[in-house]
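Okay, structure first, notes after.
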Amino acid sequence: MTATATPSVRTGILDCVQVNLALLAERRNGPGRHLALGARLRFRPEPGPDGLPTVDPPPEEHLREGAALVGLRPDSFAHRVPARELRAMAEGAPVVYAVADSYAMPWLPYAGRAHMEHGFLVGAHRDGAEVEDAYDNETAWGPARPGRWTIPWEHMPTASFACTLSPVAGYRAPVPELSLDDPAAYVEAYTAHPDRPAALRRLTAETWLLTRARHLHAAYREHLGERLGAQAHLRGWDRLTATAFIAQRRAERGRPVPDTLLPELASLLTADREVFAVRNHRP
């Protein structure tokens, strides 16, 4: 393994689909471009696992929208790509963006432990697949850190989808947008769910996504020269993410969990409208 050179990419505020798209955006379009991934702040939950709503979009939709925001176009799109086909794609392009199940990714702590759709970059190396992954997170099985790995092709997972990405001519930085639904039904679904450990496991992932999205949106607005005054609000989201993780671990051990967790979630979601209101923005 070797460290990935990502000095200008804010890996700690990007999710597992965005982070490697961000690498390509920086390398092809220059410093700061990846922050445009945060241009649109959304809270539009959809039905998800265990009968609970989720803010996690389908990976392909997430990639296509993110690529457009940073001025990239997906090319040579393929679905259900086994290792031999992924190798053929990588041998014909400088780099391929792929999404697969983290359970089958030997470079991640999730390998053999947790299923999650996860993006990575892959190129062809004489000794196998050259994988690059800038994902940066503390997991229940240890830290995931940015790096490069050479993996034998036979140990590579089948990709849910894979593509190459090329720059779009005439790019213009996207204008910040908000689309924030009322949080009441979302919070109530997690409050009323009968399987508390399952609800808290899902809520831990949800708060992680919600918090990173808000940090990314704030970073983009500040990159454009705005002064949001959002730091206290963002610290509140950071605390909530930590509280959700602790609550999940306590529930798994049959111990009581903080009764402030869901009311605080509702309060922060409601406050988003005021904190992130778009005022007098000039593209």
Side-chain angles (χ1 to χ4, degrees), residues 1-6 9 11 14-29 34 37 49 56-137 139-168 205:
M1 185 188 84
T2 59
T4 300
T6 58
V9 174
T11 57
L14 297 161
D15 66 35
C16 59
V17 170
Q18 294 170 330
V19 68
N20 294 304
L21 182 59
L23 286 186
L24 293 179
E26 292 291 291
R27 289 171 183 170
R28 296 184 179 178
N29 299 302
H34 76 287
L37 290 165
D56 194 10
E60 185 174 335
E61 174 188 316
H62 199 26
L63 172 69
R64 289 184 183 275
E65 180 181 45
L69 289 172
V70 297
L72 295 173
R73 179 183 61 249
D75 301 312
S76 306
F77 227 97
H79 294 88
R80 298 301 303 168
V81 187
R84 66 181 182 278
E85 294 179 19
L86 191 61
R87 179 177 185 175
M89 289 183 70
E91 288 174 344
V95 67
V96 173
Y97 179 99
V99 165
D101 186 351
S102 62
Y103 190 89
M105 295 181 181
W107 63 92
L108 287 178
Y110 301 117
R113 298 186 176 103
H115 296 279
M116 178 179 69
E117 289 286 271
H118 183 87
F120 60 97
L121 303 179
V122 61
H125 187 273
R126 65 179 181 274
D127 296 323
E130 185 173 66
V131 171
E132 183 170 14
D133 190 349
Y135 184 58
D136 194 356
N137 190 28
T139 82
W141 305 279
R145 293 291 179 260
R148 289 191 184 96
W149 300 263
T150 301
I151 308 291
W153 283 108
E154 60 269 24
H155 294 164
M156 289 293 290
T158 293
S160 302
F161 65 85
C163 64
T164 57
L165 291 136
S166 57
V168 174

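We use all heavy atoms of the structure for the numbers below, so side chains are in, but hydrogens, waters and symmetry mates are not.
- Looking at His62 and Asp15, their side chains come closer than 4.5 Å, going by heavy atoms from C-beta outward.
- Under the 4.5 Å side-chain criterion, counting only non-hydrogen atoms from C-beta, Leu63 is in contact with Cys163.
- Counting only N and O atoms by type, the side chains of Asp75 and Ser166 include a donor and acceptor under 3.5 Å apart.
- Atom CG of Leu86 is separated from atom CH2 of Trp153 by 5.0 Å, given to the nearest 0.5 angstrom.
- Proximity of Arg80 to Glu85: side-chain heavy atoms (C-beta onward) are nowhere separated by under 4.5 Å.
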- request: Carefully, step by step, assess His34 and Leu14 under the rule side chain to side chain contact (heavy atoms under 4.5 Å, CB included).
  value: CA-CA 10 Å; His34 76 287; Leu14 297 161; 4.0 Å; yes
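- Across every non-hydrogen atom of Pro109 and Pro143, the tightest pair is CG-O, 3.4 Å.
- Asp101 places none of its side-chain heavy atoms less than 4.5 Å from the side chain of His118.
- Between Thr11 and Pro146, the shortest heavy-atom contact is CG2-CG, 4.4 Å.
- When each of Trp149, Tyr135, Tyr110, Phe120 is checked for a side-chain contact (heavy atoms from CB on, under 4.5 Å) with Met105, only Phe120 meets the rule.
- Every salt bridge (Lys or Arg N to Asp or Glu O under 4.0 Å) that Glu60 has, sequence neighbours left out, goes to Arg64.
- The shortest distance between side-chain heavy atoms of Pro74 and Tyr97 does not fall below 4.5 Å.
- At least one side-chain heavy atom of Val122 sits under 4.5 Å from a side-chain heavy atom of Met156.
- A donor-acceptor pair under 3.5 Å is formed between the side chain of Ser102 and the backbone N or O of Ala114.
- For the pair Leu121/Leu23, a side-chain contact is recorded, criterion being any heavy-atom separation below 4.5 Å from C-beta on.
- Heavy-atom contacts from other residues, nucleotides or ligands closer than 6.0 Å to CZ of Arg73 number more than 12.
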